[in-house]
Amino acid sequence: MATLKEIAEAANVSVATVSRVLNDDPSLSVKAQTRQKILEAAERLEYKVSPSKRSTTHRMTFAALFTYRQGLEIDDPYYLSMRYGVETQCEKLGITLVSGYDFNGDKPLPSVDGFLVIGQPQPALHTQLSQQSSPVVFIDGVMEDPQFDCVNVDLVKISQKVIDFFIAQGYSRIGFIGGRDHPEFADQREQAFVEYGRLKNVVQAQDIYFGDFTSQSGYQCAKKMLQENTPYPPALLIATDSIALGVMRALLEHGVKIPEKIALISVNDIPTARFVFPSLSTVRIHSETMGAQAVNLLTERLRDERSVPLSVFVPSSLQLRDTTRR
């Protein structure tokens, strides 16, 4: 039987184009003449589609498993944007999407063609997914999994970039306020901040505060810092914009001027960051792109029957506003 490579050579196109034409990929834009050449070459070479081949048409069904409670999307629009990217891309590609929240390994998995897991999974969920046959893409969760695809942002690089920025501005003491999905496990931002900050000799143990990822938690952490830590650090990396909003409220209530007395940089660049006063310096993460790219990875893995897992890192950029010195 002919191979896709042989058909591609006969039609003078790529193997990927042949695969997508023969599988009726609705997202493919190709000239009618090119499509006809591929079909004629396939017929001439007596190509037969394997029963195991999957089509990326509307018959595909994906499940989006959110590892957090739905209310978190109100507290942190970062996750709302990621979900929007997943939903929009599935609609664009004609893929049916089913969703569920609070997936932590204690619920039965739906019968679907593939899974999109958003957020850091509990070990029980990771084990549950490992025991089933459908492909999985982790978004903003597992890093470089040997079995599954992952889409992430480089949080280590973000923490290092912020520390380097503050050092360049002359700060010799930098604090951190963040959140943890599980109290006993530090977030990647926190881990990288502590390791790199100690290497640069600008981080002290008493300047690290964490709660969850809500504005209320940020408010409480900042109040604790102001009450217990005198003098407080003159610069802070804050894990998310939502946490930063709570931090800013506590600082303003205590009459602490931003950035004169304390400079702030957070992470995510949610829409509110530009409109608070003072406007929030933050690292922009393209979370909607992360969601859309995860759908593309899952679609491509099914279409091409790829067995090698891929890790995709979406770039970030520092947006300097009024909570840092110019």
Side-chain angles (χ1 to χ4, degrees), residues 54 56 60-93 95-155 179-182 185-189 212-213 239-240 268 285-303 305-314:
R54 297 179 184 263
T56 55
M60 298 297 293
T61 300
F62 293 170
L65 308 182
F66 301 93
T67 61
Y68 49 83
R69 57 180 177 81
Q70 189 170 7
L72 185 60
E73 293 179 348
I74 299 174
D75 297 327
D76 193 345
Y78 169 75
Y79 290 104
L80 181 63
S81 177
M82 197 174 296
R83 175 167 65 84
Y84 180 77
V86 168
E87 292 175 347
T88 302
Q89 192 67 5
C90 282
E91 182 178 358
K92 178 181 177 181
L93 298 180
I95 296 168
T96 301
L97 182 68
V98 297
S99 302
Y101 289 86
D102 283 326
F103 265 87
N104 290 300
D106 55 351
K107 301 177 183 178
L109 297 175
S111 178
V112 293
D113 296 291
F115 293 93
L116 301 154
V117 182
I118 299 88
Q120 187 66 41
Q122 293 274 12
L125 177 60
H126 191 276
T127 300
Q128 188 180 26
L129 290 164
S130 300
Q131 294 172 346
Q132 56 82 51
S133 58
S134 296
V136 177
V137 179
F138 288 105
I139 314 171
D140 194 42
V142 175
M143 302 289 288
E144 299 183 7
D145 190 281
Q147 183 177 354
F148 304 126
D149 294 343
C150 303
V151 178
N152 287 291
V153 66
D154 195 337
L155 296 175
R180 293 184 178 183
D181 292 310
H182 315 299
F185 299 117
D187 175 77
Q188 266 196 317
R189 279 157 287 201
D212 57 34
F213 288 95
T240 71
N268 288 346
I285 293 179
H286 303 279
S287 54
E288 183 177 332
T289 300
M290 292 173 67
Q293 186 57 41
V295 174
N296 292 338
L297 269 182
L298 190 53
T299 303
E300 174 265 330
R301 185 157 192 170
L302 286 162
R303 182 192 67 213
E305 297 185 345
R306 171 172 52 81
S307 59
V308 177
L310 297 178
S311 291
V312 173
F313 285 88
V314 176

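The shown structure was predicted, so the numbers you read here are calculated from the model rather than taken from an experiment. We use all heavy atoms of the structure for the numbers below, so side chains are in, but hydrogens, waters and symmetry mates are not.
Taking the side chain as every heavy atom from C-beta outward, Pro309 and Arg301 approach each other to under 4.5 Å. Counting heavy atoms from C-beta on, the side chains of Pro135 and Leu298 come closer than 4.5 Å. Inter-residue side-chain proximity for Thr96 and Val112 is flagged as unmet; no heavy-atom pair is nearer than 4.5 Å. Side-chain contact between Leu97 and Val295: absent, with no pair of heavy atoms (C-beta onward) separated by less than 4.5 Å. Looking only at side-chain heavy atoms (C-beta outward), Lys107 and Asp102 come within less than 4.5 Å of each other. Counting heavy atoms from C-beta outward, Val151 and Val314 have side chains that approach closer than 4.5 Å. Side-chain contact between Phe62 and Leu302: present, with at least one pair of heavy atoms (C-beta onward) separated by less than 4.5 Å. A 4.5 Å side-chain heavy-atom check between Ile95 and Asp113 finds every atom pair outside the cut-off.
With rounding to the nearest 0.5 angstrom, the CD1 atom of Ile139 is 11.5 Å from the OH atom of Tyr79. Between Met290 atom CE and Asp140 atom CG the span is 4.5 Å, to the nearest 0.5 Å. For the atom pair Ser81 OG and Asn268 CG, the distance stands at 9.5 Å (nearest 0.5 Å).
Contact detail for Pro110 and Leu65: the closest heavy-atom pair is CD-CD2, 4.5 Å. Summarising the geometry of Pro121 relative to Gly141, their closest heavy-atom pair is CD-CA, 4.4 Å, with the distance given to 0.1 Å. For Phe115 against Ser134, the heavy-atom pair with the smallest separation is CE1-CB, 3.8 Å. For the residue pair Val153 and Phe313, the shortest heavy atom distance occurs at C-CD2, 3.9 Å. Nearest heavy atom pair, residue Cys150 against residue Leu297, reads O-CD1, 4.2 Å.
Between the side chain of Asn104 and the backbone N or O of Leu125 there is no donor-acceptor pair closer than 3.5 Å. A donor-acceptor contact shorter than 3.5 Å links the side chain of Thr67 to the backbone of Ile118. Under a 3.5 Å cut-off, the side chain of Thr127 and the backbone N or O of Pro123 do form a donor-acceptor pair. A donor-acceptor pair under 3.5 Å is absent between the side-chain atoms of Gln122 and the main chain of Ala124, judged by distance alone.
For Ala292, the side chain to side chain contact (heavy atoms under 4.5 Å, CB included) criterion is met by Gln89, not counting sequence neighbours. Considering only residues two or more places apart in sequence or on other chains, Ser99 meets the side-chain hydrogen bond (donor to acceptor under 3.5 Å, both in side chains) condition with none of them. Residues passing the side-chain hydrogen bond (donor to acceptor under 3.5 Å, both in side chains) test with Glu87, sequence neighbours excluded: Arg83. Applying the salt bridge (Lys or Arg N to Asp or Glu O under 4.0 Å) criterion to Asp187, with sequence neighbours excluded, gives Arg189. Take Ala186 and apply the side chain to side chain contact (heavy atoms under 4.5 Å, CB included) test, not counting sequence neighbours, and it matches Arg180, Glu190, Gln191. Under the rule for a ring pair (Phe, Tyr, Trp, His ring centres under 6.0 Å), the partners of Phe138 that lie at least two apart in sequence or sit in another chain are His126, Phe148. For the ring pair (Phe, Tyr, Trp, His ring centres under 6.0 Å) test, residues two or more places apart in sequence or in another chain that qualify with Phe66 are Tyr68, Tyr101. Listed by chain and residue number, nothing satisfies the side-chain hydrogen bond (donor to acceptor under 3.5 Å, both in side chains) test with Thr240 (two or more places apart in sequence, or in another chain). Residues passing the side-chain hydrogen bond (donor to acceptor under 3.5 Å, both in side chains) test with Arg306, sequence neighbours excluded: Asp149, Glu300. In this structure Glu91 satisfies the salt bridge (Lys or Arg N to Asp or Glu O under 4.0 Å) test with no other residue, sequence neighbours excluded.
Crowding of Leu310 atom CG: a count of heavy atoms from other residues, nucleotides or ligands under 6.0 Å exceeding 12.
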With side chain to side chain contact (heavy atoms under 4.5 Å, CB included) as the criterion, how do Phe185 and Gln120 come out once you've worked through the C-alpha distance, each side chain's angles and the decisive distance to 0.1 Å? CA-CA 11 Å; Phe185 299 117; Gln120 187 66 41; over 6 Å; no
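Annotation: salt bridge (charged side-chain N to carboxylate O under 4.0 Å, His left out) contacts involving residues 286-298, sequence neighbours excluded, are absent.
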